[in-house]
Amino acid sequence: MNLFAEIRDLVIQSLADLTAQGVLPEGLSMENVTVEPPRDAAHGDMATNAAMVLARPAGMKPRDIAEALAARLAADARIARAEVAGPGFLNMALALPVWHETVRAVLTEGGDFGRSRIGQGLRVNVEYVSANPTGPLHVGHTRGAVFGDALAGLLDFAGYDVTREYYINDGGAQVDVLARSVYLRYLEAHGRDVAFVDGTYPGDYLVDVGVALKQKVGDAWVDQPEEVWLTELRDFATDAMMDLIRSDLAALGVRMDVFFSEKSLYGTGRIEAALADLDAKGLIYEGVLEPPKGKTPEDWEPREQTLFRSTAHGDDVDRPVRKSDGGWTYFAPDIAYHYDKVSRGFDALIDVFGADHGGYVKRMKAAVSALSDGRVPLDIKLTQLVRLFKNGAPFKMSKRAGNFVTLRDVVEQVGPDVTRFVMLTRKNDAPLDFDFDKVLEQSRENPVFYVQYANARVMSVLRRAAEIGIAADDAVLKGADLGAMTHGSELTVARKLAEWPRLVETAARTNEPHRVAFYLYELAGDFHALWNKGNDEPGLRFLQEGDIATSQAKIALARAVSVVISAGLGILGVKPAQEMR
RNA sequence: GGCCCCGUGGCUCAACUGGAUAGAGCAAUCCCCUCCUAAGGGAUAGGUUGCAGGUUCAAGUCCUGCCGGGGUCACCA
């Protein structure tokens, strides 16, 4: 049930009736007619812009349309009042039973309340994390991981068929570096003194890998040239790193559907096939690029290269796909990878990148546009930096190479639920401050706590109800007479619940899971306000001694809040708290 | 220099992709605990949405040009 959609349907139907009566001319487009909550609650429960949108095409005054529409709407039982305001807004106040039915719908539909069908079962691929398999995940990856996972959860809830995918960059030169670094640790495991020269990874996390390698091959590779061990060691090392990364993701509660290996694209003709597709479309050519506009690099020299005509699909310059030594640029396998995604039949693609990859957005979009002939949209979401703090002071990462704050560090210190929620308290393209102390603070400043506390309070009421003998399981509550729910503070909460399905759709349409986190904070706020009013006005308490029917009506509202909080947190991958400790 | 992102009360951020008088939280001042967990709530004060134009019934939101901050910029991924 989506109340806003229902009322919009009513408005559209009413406009159609007016057209049939000849009040409005034929053929008006209703596309831009919206029904939304007004900013100011004093304006009523819902407002429509219909009169203003239609005034010009209809050749009528906004107020005339609004008056006619108001009269029509007032005939519906759900509309308690409809009045014209401002330049032609039509404000509607809804009848009390509408809110009671909203609460009942939440209890009846349970965790499915708010589920949407706007996705229409379309298959969407969300690619995220995709960190190089050269070490453990760090905080930056954590934000991308949480964002991508929450987005996937959101789209699933909105009716899409979602695939969560990780692209393993195991094909480039960085894997050779990894292999050499592991080799050094391997020598170390054999008691050798080693030096980590520039261009190798000195991180401690490779120590165990070196030991494991020793156990596997003994001393067979000691004092052997690279030709002997490099190829095999690459696989060994990337496997070890992917095991590490998988366990990092598991600690955060992220589970991928697909791990796609870049290496699997090489030597199999798949890169060639993708470029052949572009070539057949006349988008591959040999040419010389102009130097970048403005500042020319010192060592610039004109060079003939194999280029992808990405400018034909919105990019600023064409992009090389082959290096001068004949090998592929990194962009070539990326093209092939997205070609693979397109050919797997996805209806939409989403890539989640760190903000430092902003420069690749246009070329990736151009590639997907070209490969799919514009049929498959690619949305690229960039996640901004995470700034770490401890007790309000910037948390310096050690300068020592290879030593950084890992995902594991964060999760072990504050837990996966807090990590996830906090990472979503800012929209993806804004920098995020993460303070190890503040995120554990129990105060209104901390949204994680605030939302969890609201849910815990509901649970507390349910436990207390059981103690004093008031039946309050869901089966009872959804059949309860909600007539006793009339107070303004109660209706404020019900109104907020009614917004949930609409919020889900907006968040899904924009690919912005942070909206869910903000909504939950607002819902919790309305609930806390109601709770506190119960301190002043005993009549607003959820448990009314000696009046089981009234208690059940009020408990039903509280329970509905926890149902929506649980559903919302579920989308974000956070477990709701049953009690605070 | 080109491209991308950001600029909203003293501070940290929202604003339902164009809707009404721009909303929250911190900080400030004042109030509310025999009461379902006060780990909370209520009230007051605080704004030319970086600047200047434009588009329209309507602009924080869209367009153009500036200013400021960040990212990025051909054979590294």
Side-chain angles (χ1 to χ4, degrees), chain A residues 4 32 34 36-40 42-43 47 49 51-53 55-56 62 85-89 91 132 134 169 171-175 262 288-297 299-301 303 305 307 315-320 322-327 329-331 333-334 354-362 382 384-385 425-427 429-431 433 441-447 449-450 453 456-458 460-465 468 499 502-503 505-507 509-510 512 514-515 518-519 521-522 525 528-536 538 541-544 554-555 558 579-580:
Chain A
F4 288 87
N32 293 325
T34 62
E36 44 196 61
R39 286 194 185 184
D40 189 341
H43 291 143
N49 62 354
M52 286 179 294
V53 170
R56 181 186 287 263
F89 278 97
N91 292 330
N132 286 345
T134 54
N169 285 282
Q174 78 278 6
V175 177
E262 175 192 359
V288 179
L289 285 176
E290 297 282 313
K293 289 208 164 51
K295 203 167 70 180
T296 305
D299 57 346
W300 176 265
E301 56 185 52
R303 195 159 31 218
Q305 294 168 298
L307 300 168
D315 202 358
D316 303 313
V317 291
D318 294 336
R319 306 289 177 176
R322 233 184 235 288
K323 299 189 279 190
S324 55
D325 66 3
T329 63
Y330 62 86
F331 187 39
D334 277 349
D356 55 341
H357 285 61
Y360 309 117
V361 170
K362 284 189 179 181
L382 303 177
Q384 269 289 352
L385 292 177
T425 53
R426 214 94 309 171
K427 58 183 169 197
D429 52 10
D433 291 349
E441 209 168 82
Q442 302 195 328
S443 74
R444 175 155 199 177
E445 273 185 86
N446 181 358
F449 164 77
Y450 192 70
Y453 186 35
R457 276 181 153 172
V458 176
S460 165
V461 168
L462 294 177
R463 284 192 297 268
R464 180 84 186 122
I468 60 177
E499 282 178 34
R502 182 183 145 85
L503 185 282
E505 293 187 356
T506 303
R509 245 196 338 267
T510 53
E512 292 181 343
H514 77 274
R515 291 175 187 271
F518 280 97
Y519 168 84
Y521 183 73
E522 289 169 13
H528 284 307
L530 172 59
W531 179 288
N532 206 252
K533 275 221 167 64
N535 290 333
D536 300 331
R541 295 179 195 172
F542 298 106
L543 300 177
Q544 298 291 321
K554 294 179 183 299
I555 295 169
E579 56 186 328
M580 306 307 291

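What you see is a predicted model; the values in this text were computed from it and never measured. So that the names make sense, note that chain A is the first sequence line, chain B the second, and so on, each numbered from 1.
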- Query: Will you find, in the side chains of R457(A) and Y453(A), an N or O donor that is under 3.5 Å from an N or O acceptor?
  - Reply: yes
- Sugar-phosphate only, base, or nothing, as touched by A85(A) at under 4.0 Å among non-hydrogen atoms: base
- Query: When only distance counts, do a donor and an acceptor, one from the side chain of R541(A) and one from the base of C35(B), lie under 3.5 Å apart?
  - Reply: yes
- Task: Mind checking Q544(A) for me? I need base, sugar-phosphate or nothing, with any heavy atom below 4.0 Å counting as a touch.
- Result: nothing
- If we require ring centres under 5.5 Å and near-parallel planes under 30°, does H43(A) stack on A20(B)? yes
- So what does P37(A) touch, heavy atoms closer than 4.0 Å: a base, only the sugar-phosphate, or nothing? base
- Query: Is R502(A) touching bases, backbone alone, or none of the nucleic acid, heavy atoms closer than 4.0 Å?
  - Reply: base
- Task: Give Y521(A) one of three labels, base, sugar-phosphate or nothing, depending on what nucleic acid heavy atoms sit under 4.0 Å from its own.
- Result: sugar-phosphate
- Message: If you define the side chain from C-beta out and look only at heavy atoms, does anything of W531(A) sit under 4.5 Å from V461(A)?
- Response: yes
- Return no unless some side-chain N or O of H357(A) is found under 4.0 Å from OP1 or OP2 of C5(B). no
- Query: C73(B) P sits how many Å from D318(A) CG, rounded?
  - Reply: 19 Å
- Between F4(A) and P37(A), is any pair of side-chain heavy atoms under 4.5 Å apart? yes
- Item | Length of the line joining Y453(A):OH and C36(B):C1', which is rounded to integer Å | 10 Å
- Select base, sugar-phosphate, or nothing to describe what K533(A) touches, counting heavy atoms under 4.0 Å on all strands. nothing
- Message: Within this structure, what is the CG-CZ distance for the pair N535(A) and R541(A), rounded to the nearest 0.5 Å?
- Response: 6.5 Å
- Query: If we only count heavy atoms from C-beta on, is the R509(A) to T506(A) side-chain gap below 4.5 Å?
  - Reply: yes
- Would you say E290(A) has more than 12 foreign heavy atoms packed within less than 6.0 Å of its CD? no
- Taking the same atom, C1', in A27(B) and in G65(B), what whole-Å distance lies between them? 38 Å
- Item | For G10(B), the Watson-Crick or wobble counterpart (both distances under 3.5 Å) | C26(B)
- Query: NA contact type, N91(A), heavy-atom cut-off 4.0 Å: base, sugar-phosphate, or nothing?
  - Reply: base
- Query: Which part of the nucleic acid does L543(A) contact within heavy-atom distance under 4.0 Å: base, sugar-phosphate only, or nothing?
  - Reply: base
- Item | C1' spacing across the pair C26(B) / G70(B), given as an integer number of angstrom | 25 Å
- Task: Indicate yes or no for a side-chain donor-acceptor contact from E262(A) to the backbone of D334(A) under 3.5 Å, with no hydrogens or angles considered.
- Result: no
- Are the side chains of L543(A) and I555(A) in touch, meaning some heavy atoms are under 4.5 Å apart? yes
- What is the distance, rounded to the nearest whole Å, between atom CE of M52(A) and atom P of U56(B)? 17 Å
- May I ask you to say what A47(A) touches in the nucleic acid, namely base, sugar-phosphate or nothing, with a heavy-atom cut-off under 4.0 Å? base
- Message: Ring centres within less than 5.5 Å and planes less than 30° apart: is that true of F89(A) and A20(B) in this structure?
- Response: yes
- Message: Check this one for me: any side-chain N or O of K427(A) less than 4.0 Å away from OP1 or OP2 of C5(B)?
- Response: no
- Task: For N446(A) and C26(B), give me the distance from atom CG to atom P, rounded to whole Å.
- Result: 12 Å
- Rounded to the nearest angstrom, tell me the gap between atom NE2 in H528(A) and atom P in G25(B). 12 Å
- Query: Is there side-chain contact between E441(A) and F449(A), with heavy atoms separated by less than 4.5 Å?
  - Reply: no
- Message: Students often get this wrong, so: under 4.0 angstrom with heavy atoms, is F331(A) touching a base, only sugar-phosphate, or nothing?
- Response: nothing
- Message: Base, sugar-phosphate or nothing for R515(A)? Non-hydrogen atoms, less than 4.0 Å.
- Response: sugar-phosphate
- With a non-hydrogen cut-off below 4.0 angstrom, is D429(A) in contact with a base, only sugar-phosphate, or nothing? sugar-phosphate
- Note on the structure: Rounded to whole Å, CG of N532(A) lies from C1' of U37(B) at a distance of 12 Å
- Task: Taking only the side-chain nitrogens and oxygens of W531(A), find out if one of them lies under 4.0 Å from OP1 or OP2 of U37(B).
- Result: no
- Query: Phosphate oxygens OP1/OP2 of G41(B): is one of them under 4.0 Å from a side-chain N or O of Y450(A)?
  - Reply: yes
- hbond_proxy N49(A) side chain to A58(B) base (donor-acceptor, 3.5 Å cutoff): no
- Message: Test your reading of the model: is there a side-chain donor-acceptor pair from Q174(A) to the backbone of N169(A), 3.5 Å cut-off?
- Response: yes
- Write down the partner of A52(B) under the Watson-Crick or G-U wobble criteria, each distance required to be under 3.5 Å. U64(B)
- Item | Mate of A59(B) where both pairing distances stay under 3.5 Å, Watson-Crick or G-U | none
- Message: Assuming nearest nucleotide by heavy-atom distance, tell me which of E262(A) and E512(A) is located more 5' along RNA chain B.
- Response: E512(A)
- Task: Provide, to the nearest angstrom, the distance between the CD atom belonging to E36(A) and the C1' atom belonging to U61(B).
- Result: 13 Å
- Message: Nearest heavy atom decides the nucleotide; on that basis, is R426(A) or D325(A) closer to the 5' end of RNA chain B?
- Response: R426(A)
- Distance, C1' atom - from U8(B) to U49(B), rounded to whole angstrom: 4 Å
- For C32(B) versus G69(B), give the span between their C1' atoms, rounded off to a whole number of Å. 44 Å
- G53(B) and C11(B): how far apart are their P atoms, nearest whole angstrom? 26 Å
- State which of G71(B), A14(B), C36(B) makes the closest approach to the side chain of H514(A). A14(B)
- N-glycosidic conformation, U37(B) - syn within 90 degrees of 0, else anti: anti
- Using a heavy-atom cut-off of under 4.0 Å over every strand shown, decide if P320(A) touches base, sugar-phosphate, or nothing. sugar-phosphate
- G60(B) and A14(B): how far apart are their C1' atoms, nearest whole angstrom? 11 Å
- Task: Using the C1' atom as the reference point in each nucleotide, state the distance between C76(B) and C67(B) in Å, no decimals.
- Result: 35 Å
- Query: NA contact type, T506(A), heavy-atom cut-off 4.0 Å: base, sugar-phosphate, or nothing?
  - Reply: sugar-phosphate
- Decide, for C73(B), between syn and anti: a glycosidic angle within 90° of 0 counts as syn, anything else as anti. anti
- Note on the structure: Separation of C3(B) atom P from K362(A) atom NZ, nearest Å, is 7 Å
- Considering every strand shown, what is the Watson-Crick or G-U wobble mate of A74(B) when both distances are under 3.5 Å? none
- Using the C1' atom as the reference point in each nucleotide, state the distance between U44(B) and U48(B) in Å, no decimals. 23 Å
